[in-house]
Amino acid sequence: MSTPEATQPSNFIRHIIDEDRLAGKNGGRVVTRFPPEPNGFLHIGHAKSICLNFGLALDYQGRCHLRFDDTNPCKEEVAYVESIQEDVRWLGFDWGIHRYYASDYFEQLYNFAVELIRRGKAYVCDLTPEEIRAYRGTLTEPGKGSPFRNRSMDENLDLFSRMRSGEFPDGSRVLRAKIDMDSGNLNMRDPVIYRILHATHHRTGDVWCIYPMYDFAHCLSDSIEGITHSICTLEFEDHRPLYDWILDELEVPCHPQQIEFARLNLTYTVMSKRKLLELVRDGHVAGWNDPRMPTISGFRRRGYTPESIRAFCERIGVAKRDSLVDVALLEFSIREDLNERAPRALAVLQPLKVVIENYPEGQVEEFDAPNHPGRPELGNRKVPFSRELYIERDDFMEEAPKKFFRLAPGREVRLRFAYFITCREAIKDANGEVVELRCAYDPETRGGSAPDGRKVKGTIHWVSASHAVKAEVRLYDRLFTVENPASEKDANFKDFINPESLTVLTACQVEPSLAQAAPGASYQFERLGYFCADHEESRPGRPVFNRTVTLRDTWAKVQEK
RNA sequence: UGGGCCGUCGUCAAGCGGUAAGACACAAGACUUUGACUCUUGCAUUCGGAGGUUCGAAUCCUCCCGGCCCAGCCA
């Protein structure tokens, strides 16, 4: 069995854990948790956290809890808890019996709050939200104490209990921790830990009308569950003193260690739930699982595999510096995986008709095409060939440069698995647009090689016109035109939405074997890219494919020069 | 004139006082019935800057510069 340290790249969190184990801390146990708030869909930034937390548990033979941080009934919905579980499972992780909800702890949390009051460390405050803000001071000036700061313990106990029983309207009072209004850390200036919210909670219904704030609920939930390492993102660094303060002031089962790492940012997309929600709400995308979305469900529908996302998360590493990861790394990860597993197929996206003038009318041949060039065990399929074909429009150029290896008047190319053909004539319509090619084939080149040893530089894909199946193909491109839309100064991120992020092609012609593509199945359309049959809209006989990612395209780079 | 954190290749990221890993990207070449894949080669005399400590510094110290986060009864 390999050591944990050897299975994954090292990072500072592993170092901390290694040291803790060496010191015998927590009895050597490692218990982590992934604590999403069910107020939106998971995105690839969450995938980084999931891979980290569950990965650590796996490697150190510990466990990782899935805990819904559902302390704000106004924003949370069961639909989200369902999608979150589906996504975590799809990514390949298993929380076993360890699925929890912060709302399961509401009673315990309430009792902890009461205890805090008893210890003189919390008080009920009647200030309005505006007053609380004003009293809090600013970044550079200290705050001042609330006039309710020194209420008696009995009064606090009474008021808090009446808050719970619903005597007071929303916003009229809060419970605050009594810490330090002079602290340079605003989180320590008597933070609110309970607020009144007469809202129906998706799990507890109307049982409660007061709800704990994140800072109060999170550390205690961690402690209740026996978490050893509570891993979160950088913006919670300022909250750590409060996390520790609460656990220090109360008698709790254990005191987990909060560790912060940098959240994932990816080029050409946005990663905050608020912004993603906005894209969905304003109809810029078709939903949370639109293949252009950086959500896990979006990537799934786009044709990404869990393996590729896990490989990506491993490659990006874990550190504390803010970073913006090149989406090319994600694309590399999915190409690497699909190259290995996706069966090949011939598909013509923008058909150009080709008539092979010297090929007998009505004749049909079938060629054996391997499903994968490197994996013969994946077998072969038959591809029909006839006098009239479709090829890709881009594979013909009327005036082709020397470096263009494809079809042009007078030039010869190989039709993959079939014959060499030479272009005799390009037929144009009234607008001067090429609508058909008249070609001649060389019968001696059956199978794709010439007995006389002559070579052709180019091989193109094709499909037999009368056998091809019509398909819809959706080409996806980056959602934004700039690398970091969220950081553009004096502008709204939505101003940078790429108007060409989606191109729908409805007249594609694909080889017959693709007619029955199973929803979600991935293929490599040779020379084009990886495509997957759409989970929701693909139908037998009328397939719909989503482009996952293009193939690497050296020719495109040459063309740019 | 507040508090916290971070600066190592274009992008991520190892390194933890002994003389700059790796990946992606990029470039050149080989192979090729996918201009794919694969392979080979190249790609930081230097670690934000300046001083200092040391036989020796990306690693330790000092100062400076730059970036990020915090003033929700959101998480």
Side-chain angles (χ1 to χ4, degrees), chain A residues 9-11 15 35-37 39 69-72 74-75 125 127-129 132-134 136-143 170-176 182-189 191-197 210-211 213-215 217-218 232-241 260 262 264 267 273-274 312 314-333 335-336 339-340 344 346 373-374 403-406 414-418 420 445 447-449 455-461 483 524-529 550-558:
Chain A
S10 184
N11 61 53
H15 289 324
E37 182 191 12
N39 68 342
D69 218 339
D70 55 350
T71 56
N72 185 354
C74 307
K75 293 186 177 176
C125 180
L127 254 26
T128 65
I132 288 184
R133 194 184 319 128
R136 189 155 34 221
T138 68
L139 293 177
T140 52
E141 298 155 19
D170 288 2
S172 59
R173 284 177 229 264
V174 292
L175 183 70
R176 294 228 254 168
D182 294 333
S183 174
N185 182 344
L186 299 253
N187 295 122
M188 300 300 272
R189 319 238 265 228
V192 172
I193 56 178
Y194 263 92
R195 76 288 215 188
I196 299 171
L197 245 33
I210 56 171
Y211 293 91
M213 298 286 289
Y214 164 85
D215 286 304
H218 202 87
C232 61
T233 44
L234 252 28
E235 68 272 25
F236 291 101
E237 235 157 359
D238 286 343
H239 295 244
R240 190 176 353 119
E260 311 85 13
L264 171 65
T267 54
K273 272 198 246 180
R274 197 212 96 221
F312 168 74
E314 223 166 89
R315 276 192 255 257
I316 58 175
V318 178
K320 295 197 71 159
R321 82 180 71 127
D322 295 305
S323 60
L324 179 62
V325 175
D326 191 339
V327 71
L329 189 57
L330 216 210
E331 293 177 344
F332 169 82
S333 299
R335 284 190 189 112
E336 170 189 59
N339 177 49
E340 195 55 39
R344 314 286 127 128
L346 299 182
K403 294 287 236 176
F404 186 77
F405 302 148
R406 286 110 94 149
R414 173 167 39 235
L415 294 176
R416 173 132 245 227
F417 309 126
F420 287 7
T445 58
S449 56
K455 303 283 187 205
V456 287
K457 197 74 172 140
T459 299
I460 63 174
H461 60 278
E483 279 206 330
Q524 184 199 95
F525 290 175
E526 295 209 27
R527 305 208 309 127
L528 296 172
T550 61
L551 252 28
R552 265 189 77 220
D553 191 350
T554 319
W555 169 240
K557 281 175 200 158
V558 172

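Just so it is clear: chains get the letters A, B, ... in the order the sequence lines come, proteins before strands, and each one is counted from 1.
- Between Tyr214(A) and His239(A), the two ring planes are perpendicular [angle over 60°; tilted spans 30° to 60°].
- Atom CD1 in Ile196(A) sits about 16 Å away from atom C1' in G72(B), given to the nearest Å.
- Nucleic acid contact class of Arg173(A) (heavy atoms, under 4.0 Å, all strands): none.
- Across Ser10(A) and His15(A), no two heavy atoms sit closer than the pair OG-CE1, 3.0 Å.
- Contacts of Pro142(A) with the nucleic acid, taken as non-hydrogen atoms under 4.0 Å apart, are absent.
- Nearest nucleotide to the Ile316(A) side chain, out of A75(B), G15(B), C12(B): C12(B).
- Residues Arg176(A) and Val192(A) come closest through the heavy atom pair CD-CG2, 4.0 Å.
- Between Glu260(A) atom CD and G3(B) atom C1' there is a gap of 14 Å when expressed in whole angstrom units.
- Nucleic acid contact for Arg414(A): base, since at least one base atom lies under 4.0 Å from a heavy atom of the residue.
- Judged by distance alone with a 3.5 Å cut-off, no donor-acceptor contact links the side chain of Arg240(A) to the base of G4(B).
- C65(B) and A50(B) have their C1' atoms separated by 10 Å, with the value rounded to a whole Å.
- Base pairing annotation: C39(B) forms a Watson-Crick or G-U wobble pair with G29(B), both donor-acceptor distances under 3.5 Å.
- The shortest side-chain heavy-atom distance between Leu551(A) and Arg335(A) does not fall under the 4.5 Å cut-off.
- Using a 4.0 Å heavy-atom criterion, one finds that Thr128(A) contacts the bases of the nucleic acid, with or without backbone contacts as well.
- Comparing A13(B), A75(B), U34(B) against the side chain of His239(A) picks out A75(B) as the nearest.
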Notebook entry, point to check: Does the pair Arg315(A) and Glu336(A) meet the rule for a salt bridge (charged side-chain N to carboxylate O under 4.0 Å, His left out), with working shown?
Noted result: CA-CA 13 Å; Arg315(A) 276 192 255 257; Glu336(A) 170 189 59; 2.5 Å; yes
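- Annotation: U8(B) and C43(B) have their C1' atoms spaced 16 Å apart (nearest Å).
- Taken from CG in Leu197(A) to OH in Tyr211(A), the straight-line distance is 7.0 Å, to the nearest 0.5 Å.
- Remark: the Asp238(A) side chain and the G3(B) base include a donor-acceptor N/O pair separated by less than 3.5 Å.
- Contact annotation: Arg406(A) does not reach the phosphate of G35(B) (side-chain N/O to OP1 or OP2, under 4.0 Å).
- Here His218(A) lies out of heavy-atom contact (under 4.0 Å) with every strand.
- When the P atom is compared between A58(B) and C47(B), the two are found 7 Å apart, to the nearest whole Å.
- Here the side chain of Met213(A) is nearest to one of A14(B), C73(B), C70(B), namely C73(B).
- Within 4.0 Å of Leu234(A), counting heavy atoms only, lies no atom of the nucleic acid at all.
- Partner assigned to U34(B) is none, using Watson-Crick or G-U wobble distances below 3.5 angstrom.
- By the rule that a glycosidic angle within 90° of 0 means syn, G72(B) counts as syn.
- The partner of A75(B) cannot be assigned: no Watson-Crick or G-U wobble pair with both contacts below 3.5 Å exists in any strand.
- Using atom P as the reference point in both C31(B) and U40(B), the two lie 15 Å apart (nearest Å).
- Nucleotides G18(B) and U59(B) are separated by 11 Å at their C1' atoms, to the nearest Å.
- Separation of the P atoms belonging to A25(B) and A36(B) is 13 Å when rounded to the nearest angstrom.
- Among the protein residues, Gly374(A) comes within range of no part of the nucleic acid, since none of its heavy atoms lies under 4.0 Å from any strand.
- For the pair Arg133(A) CZ and C74(B) C1', the computed distance is 14 Å after rounding to whole Å.
- Picking from G35(B), A13(B), C74(B) the nucleotide with the shortest atom distance to the side chain of Ala319(A) gives A13(B).
- Looking at Phe312(A) and Glu331(A), their side chains never come closer than 4.5 Å, going by heavy atoms from C-beta outward.
- For Phe236(A), the listed nucleotide lying nearest its side chain is A75(B); candidates were G2(B), A75(B), U34(B).
- Of the candidates U34(B), G2(B), A75(B), the closest approach to any side-chain atom of Pro373(A) belongs to U34(B).
- Within 4.0 Å (heavy atoms only), Leu528(A) reaches no atom of the nucleic acid at all.
- For Arg321(A) and C68(B), the shortest distance from a side-chain N or O to OP1 or OP2 is not below 4.0 Å.
- Comparing U34(B), C68(B), G35(B) against the side chain of Arg416(A) picks out U34(B) as the nearest.
- Side-chain atoms of Gln524(A) come within donor-acceptor range of the base of U34(B), with a qualifying N/O pair under 3.5 Å.
- Of the two residues near RNA chain B, Lys273(A) and Phe417(A), the one whose nearest nucleotide lies more 5' is Phe417(A).
- Taking atom P in both A13(B) and A20(B), the straight-line distance is 22 Å, to the nearest Å.
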Item checked: Heavy-atom protein contacts under 4.0 Å, nucleotides 19-32 of chain B, coded B base, S sugar-phosphate only, - none -> ----SSSSS-----
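- The separation between Asp70(A) atom CG and C74(B) atom P is 15 Å, rounded to whole Å.
- Contact annotation: the side chain of Leu346(A) never approaches that of Phe525(A) to less than 4.5 Å [non-hydrogen atoms, C-beta and beyond].
- Counting only heavy atoms from C-beta on, Leu186(A) has its side chain closest to G2(B) among A75(B), G2(B), G35(B).
- In this structure, U19(B) makes no Watson-Crick or G-U wobble pair, since no nucleotide meets both defining distances under 3.5 angstrom.
- Using a 5.5 Å limit on the distance between ring centres and a 30° limit on the angle between planes, the aromatic ring of Tyr214(A) does not count as stacked on the six-membered base ring of A75(B).
- Separation of atoms CG (Asp69(A)) and NE2 (His218(A)) is listed at 5.5 Å; rounding is to 0.5 Å.
- Side chains of Leu330(A) and Ile316(A) form no contact here, defined as non-hydrogen atoms less than 4.5 Å apart.
- For C5(B), the paired nucleotide is G67(B), the pair qualifying as Watson-Crick or G-U wobble because both relevant distances are below 3.5 Å.
- Residues Gly448(A) and Val325(A) both approach RNA chain B. Their nearest nucleotides, taken by heavy-atom distance, put Val325(A) toward the 5′ side.
- Residue Glu37(A) places its side chain closer to C74(B) than to any other of C74(B), C69(B), G35(B).
- At the heavy-atom level, Phe404(A) lies under 4.0 Å from base atoms of the strands shown.
- Only the P atoms considered, U11(B) is 24 Å distant from C16(B), to the nearest whole Å.
- Computed from coordinates, the Arg136(A) CZ to G72(B) C1' distance equals 7 Å when rounded to whole Å.
- Going from atom NZ of Lys320(A) over to atom P of C6(B) covers 5 Å, rounded to whole Å.
- Note on Val318(A): only backbone sugar-phosphate atoms sit closer than 4.0 angstrom, heavy atoms only; bases stay farther off.
- Contact annotation for Leu346(A): no contact, since no heavy-atom pair falls under 4.0 Å across all strands.
- Base pairing analysis places C60(B) opposite G52(B); the two distances defining the Watson-Crick or G-U wobble pair are each below 3.5 Å.
- Here the side chains of Ile460(A) and Arg527(A) are in contact, with some heavy-atom distance below 4.5 Å.
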